Protein chains: 2
Amino acid sequence: MTTVNALSEVAALMGDPARASMLSLLMDGRAHTASELALTAGVTAQTASGHLSRMVEANLLAARAQGRNRFYRLASSDVAHAIESLMALAGTRAAPASMHAAWRRDPDLRFCRTCYDHLAGQVGIAVTDALTKAGHIEPKGPRDWTLTDTGELFCQRIGVDVPGARRAGSRHFARQCLDWSERRPHISGSLGAAIADTFFRRGWAEKLRRSRTVRLTDSGRRAMGSHFGATLS
Amino acid sequence: MTTVNALSEVAALMGDPARASMLSLLMDGRAHTASELALTAGVTAQTASGHLSRMVEANLLAARAQGRNRFYRLASSDVAHAIESLMALAGTRAAPASMHAAWRRDPDLRFCRTCYDHLAGQVGIAVTDALTKAGHIEPKGPRDWTLTDTGELFCQRIGVDVPGARRAGSRHFARQCLDWSERRPHISGSLGAAIADTFFRRGWAEKLRRSRTVRLTDSGRRAMGSHFGATLS
DNA sequence: AGAATGGTTCGGCAACCACCGAACCATTGA
DNA sequence: TCAATGGTTCGGTGGTTGCCGAACCATTCT
């Protein structure tokens, strides 16, 4: 009820290892079935079911029934943002030495991944930086960007569905999202999602199954150079 | 070790009610003694000691011995930011009806409070908005502000120690911090702290003991009108 | 030196809760 | 209609951990 208990309740929910792995998987922005989540969490279906209903109850997750499957997804991008923020904290938690070790362990994840439904990691940052440098997006207000006229043209040229992104209901159009590995913001919101979608549709990138990791294809690397003027390690 | 476990570990630390209330108290940005923290958490000194050492171990808290007292404070503003982010999530957790009830319960906290060491709540937002509207600060990059020339003069006039804030080591100068009750950014960083300090030094505001709540004095209300052109409910 | 205060360590207890086995419901396909 | 698959509910069990009493260390005050 009181604000401190609400804090501890929500934190305690994320504090269980099984639930944390489920949330981590759901950070890819997609909806996953209960059994899939049970598998990645390393628990049986019954146990997973309990966890999932508790998180739905607490409005961390949303459930959608389809056939005999039940799909779960993060309830809102706010939840995704809070998780990223905790991850950022967890990243600074350890001493620099072991931090490097942790990053060595998952260099691909650090290079490119999905954050909810948009691109994050070095690639996400590179895209965002390129758009900023070219004057295609400009900061508007504290947590948003504006798409400039040249940005509109640019998006049209590479095939980003801007009208569709603008149509996306009450959702933010171009939002700043803090990247936990780079510790700098990348572009999110419906425009960020549309850009990521372009990467997947044009074969520039592909999602690895059961993971937030994204692999940049060869044509993707070329596109980063030609369209975004970015060179990646 | 792996990133998901680091997430769950940090979340689990915040997930205990006793630790959560300690962290809430420490959100006022000050250092508090172990017994003070034990009292607000409603546990005995031994229990509190255990909690505190665990949080120091996890780099959430920093400890400083002084005489026979031991003072604990948040280890970094990153920790404060993560807590605010979780609180924001906890705020949206409940249905709108009960959310209002929770806010009714603590209208003063929502009106004005400290967030780490700067002002938050309606007053924090009002100050930030006024500075923006007058062109005293401008967004610089994704999460910072620049103090303009007129802003420099304005600060000097009302007695904000800008040189001192600039001298503040490696700390960010003017940072954007998300306000969990207003869900909009207010000014933090060393400049935000200097502004809050001015409010306290000039008697515009005073901290309520054992709480993050800040009371705006009558002269503070007048100052909000004359210096910031803001009217508060 | 002795007493008082603030803080920590240790050991045992109790409550909580994550977990699984088993049984049960719902949807799909044969 | 009957099996198969996906999911949830229920009950009992075990491990974790938060908690306090008691003893112990450190600092300050008389």
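Just so we're clear, the structure is a prediction, and the values are computed from it rather than from any experiment. Every chain is numbered from 1, with letters handed out A, B, ... down the list of sequences.
The distance from atom CG of A/Leu39 to atom C1' of D/dG6 is 14 Å, rounded to the nearest whole Å. Going from atom CG of A/Asp16 over to atom P of D/dG15 covers 17 Å, rounded to whole Å. Between the C1' atom of D/dG18 and the CE atom of B/Met22 lies a distance of 11 Å, rounded to the nearest Å. If you measure from atom CD of A/Glu57 to atom P of D/dT9, you get 12 Å, rounded to the nearest angstrom. Rounded to an integer number of Å, the gap from CG of B/Leu52 to P of D/dC19 is 12 Å. Whole-Å rounding puts the B/Arg64 CZ to C/dG7 P distance at 13 Å. Between the C1' atom of C/dG7 and the CG atom of B/Leu37 lies a distance of 13 Å, rounded to the nearest Å. When rounded to the nearest whole Å, the span between CZ of B/Arg68 and C1' of C/dT5 equals 4 Å.
For A/Arg70 and D/dT8, the shortest distance from a side-chain N or O to OP1 or OP2 is below 4.0 Å. In this model, the phosphate group of D/dG7 is not approached by any side-chain N or O of A/Tyr72 to a distance below 4.0 Å at OP1 or OP2. Close to C/dC17, at under 4.0 Å from its OP1 or OP2, lies no side-chain N or O of A/His51. A close approach under 4.0 Å does not occur between any side-chain nitrogen or oxygen of A/Arg54 and OP1 or OP2 of C/dC17. Neither OP1 nor OP2 of C/dT8 sits under 4.0 Å from any side-chain N or O of B/Ser53. Not one side-chain nitrogen or oxygen of B/Ser49 sits closer than 4.0 Å to the OP1 or OP2 atom of C/dG7.
Among the heavy atoms of the strands, none lies under 4.0 Å from B/Phe71. At the heavy-atom level, B/Thr33 lies under 4.0 Å from the strands shown only through sugar-phosphate atoms. Nucleic acid contact class of A/Thr47 (heavy atoms, under 4.0 Å, all strands): base.
If you check D/dG7, D/dT8, C/dG6 against the side chain of A/Asn69, the one that comes closest is D/dG7. Side chain of A/Val43, nearest nucleotide from D/dT9, C/dC20, C/dT8: C/dC20.
The aromatic rings of B/Trp204 and B/Phe199 sit perpendicular to each other, their planes meeting at more than 60°, with 30° as the lower class boundary.
Geometrically, A/Arg166 engages A/Phe173 in a cation-pi contact defined by less than 6.0 Å to the ring centre and at most 45° from the axis.
Side-chain atoms of A/Glu84 and A/Met27, non-hydrogen and from C-beta on, do get closer than 4.5 Å to each other. Here the side chains of A/Arg54 and A/Arg19 are in contact, with some heavy-atom distance below 4.5 Å.
B/Trp145 and B/Ile187 make their closest contact through CZ3-CA, 3.6 Å (heavy atoms, listed as atom of the first residue, atom of the second, distance).
For A/Gln46 and D/dG7, a side-chain-to-base donor-acceptor distance below 3.5 Å is absent, hydrogens and geometry of angles not being considered.
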